[in-house]
Amino acid sequence: MRYWLLKSEPSAYSIDDMARDRTTTWSGVRNYQARNFMRDQMRVGDRALFYHSNCEQPGIVGIVEVCKPAHPDESQFDARSKYYDRDAKRGAPRWLNVDVKFVRKIRLVALDELRRHKPLARMRILQRGNRLSITPVDPAEWAFIMKLL
DNA sequence: GCCAACGTTGGC
DNA sequence: GCCAACGTTGGC
């Protein structure tokens, strides 16, 4: 089993939305590296940190679990969606998504707190210029964060 | 709102 | 295949 970090802008989809919905389709990912993580490495049962980005208090706010493996992202076929991709075909979908289910909310572990912990220094989220919305989390990093809670 | 960093596009 | 231009991300 692997560990992940999933970014979401709370103005678009927050941990409270996740808690209300219980499960959600992680659609709208339009980056090949992130897609490949979902397609090639994410498995049902993998756990992920739910991270609020581009907001007043960026940081980790919850835990979710992969509950359905990668399948075609429906929004790529929807001409009215901002995620529409005219080059994507039903027979050859370009974009995939997994589904995730809510596990629990946690206290905010803010970005600046993460930065203060040496064992977390290599986390992708802390590297400058990081933009990937799905990143692997090392098991040791995961364990360290769980102890902070 | 600014702007650095990054991924993608497209002309050549 | 190179690389400049462009659009997006996301912390500040």
Side-chain angles (χ1 to χ4, degrees), chain A residues 2-21 23-42 46-66 69-138 140-142 144-149:
Chain A
R2 290 186 166 93
Y3 299 102
W4 305 93
L5 182 145
L6 303 180
K7 276 190 218 172
S8 187
E9 300 191 12
S11 60
Y13 196 81
S14 72
I15 190 64
D16 290 324
D17 295 323
M18 185 80 244
R20 177 199 64 215
D21 294 344
T23 73
T24 196
T25 297
W26 206 256
S27 66
V29 174
R30 295 293 180 270
N31 170 282
Y32 289 105
Q33 207 177 338
R35 179 203 66 181
N36 293 348
F37 280 140
M38 289 195 283
R39 183 189 63 193
D40 303 333
Q41 297 190 33
M42 284 183 122
D46 284 3
R47 292 220 158 177
L49 304 167
F50 193 109
Y51 179 91
H52 279 173
S53 68
N54 198 17
C55 59
E56 205 161 309
Q57 293 188 297
I60 300 164
V61 292
I63 296 170
V64 297
E65 182 177 313
V66 177
H71 54 286
D73 181 336
E74 283 301 314
S75 66
Q76 70 194 299
F77 307 122
D78 178 0
R80 291 160 308 172
S81 168
K82 66 184 271 202
Y83 298 115
Y84 178 62
D85 183 342
R86 62 171 57 254
D87 295 329
K89 299 289 172 256
R90 287 257 171 214
R94 173 179 293 183
W95 304 111
L96 305 173
N97 53 224
V98 297
D99 288 6
V100 296
K101 71 178 180 192
F102 177 73
V103 174
R104 63 186 174 106
K105 287 177 72 168
I106 61 171
R107 73 169 177 88
L108 171 71
V109 182
L111 181 57
D112 62 351
E113 178 181 353
L114 293 172
R115 289 193 196 286
R116 288 199 295 271
H117 293 298
K118 279 251 170 57
L120 303 179
R122 298 185 51 152
M123 287 187 77
R124 183 81 182 247
I125 197 78
L126 303 182
Q127 310 310 311
R128 79 195 315 255
N130 161 69
R131 287 169 49 185
L132 251 194
S133 65
I134 299 178
T135 51
V137 172
D138 189 89
E141 293 165 347
W142 178 276
F144 186 89
I145 292 166
M146 292 304 109
K147 283 189 189 169
L148 296 176
L149 306 181

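Quick note on labels: first sequence line is chain A, next is B, and so on, each numbered from 1.
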Which residues pass the salt bridge (Lys or Arg N to Asp or Glu O under 4.0 Å) test with Arg2(A), not counting sequence neighbours? none

Reading nucleotides 4-10 of chain C 5' to 3', which nucleotides get B (base under 4.0 Å from a protein heavy atom), which S (sugar-phosphate only), which -? ---BBSB

If the condition is salt bridge (Lys or Arg N to Asp or Glu O under 4.0 Å), which residues does Asp78(A) pass it with, not counting sequence neighbours? Arg80(A)

Restricting to salt bridge (Lys or Arg N to Asp or Glu O under 4.0 Å), what partner residues turn up for Arg30(A), sequence neighbours left out? Asp73(A)

Partners passing ring-ring contact (aromatic ring centres under 6.0 Å, His included) against Tyr32(A) (at least two apart in sequence or in another chain): Trp95(A)

Residue pairs passing the side-chain hydrogen bond (donor to acceptor under 3.5 Å, both in side chains) test with at least one member in residues 105-120 of chain A, sequence neighbours excluded, are Asp16(A)-Lys105(A), Arg107(A)-Glu113(A)

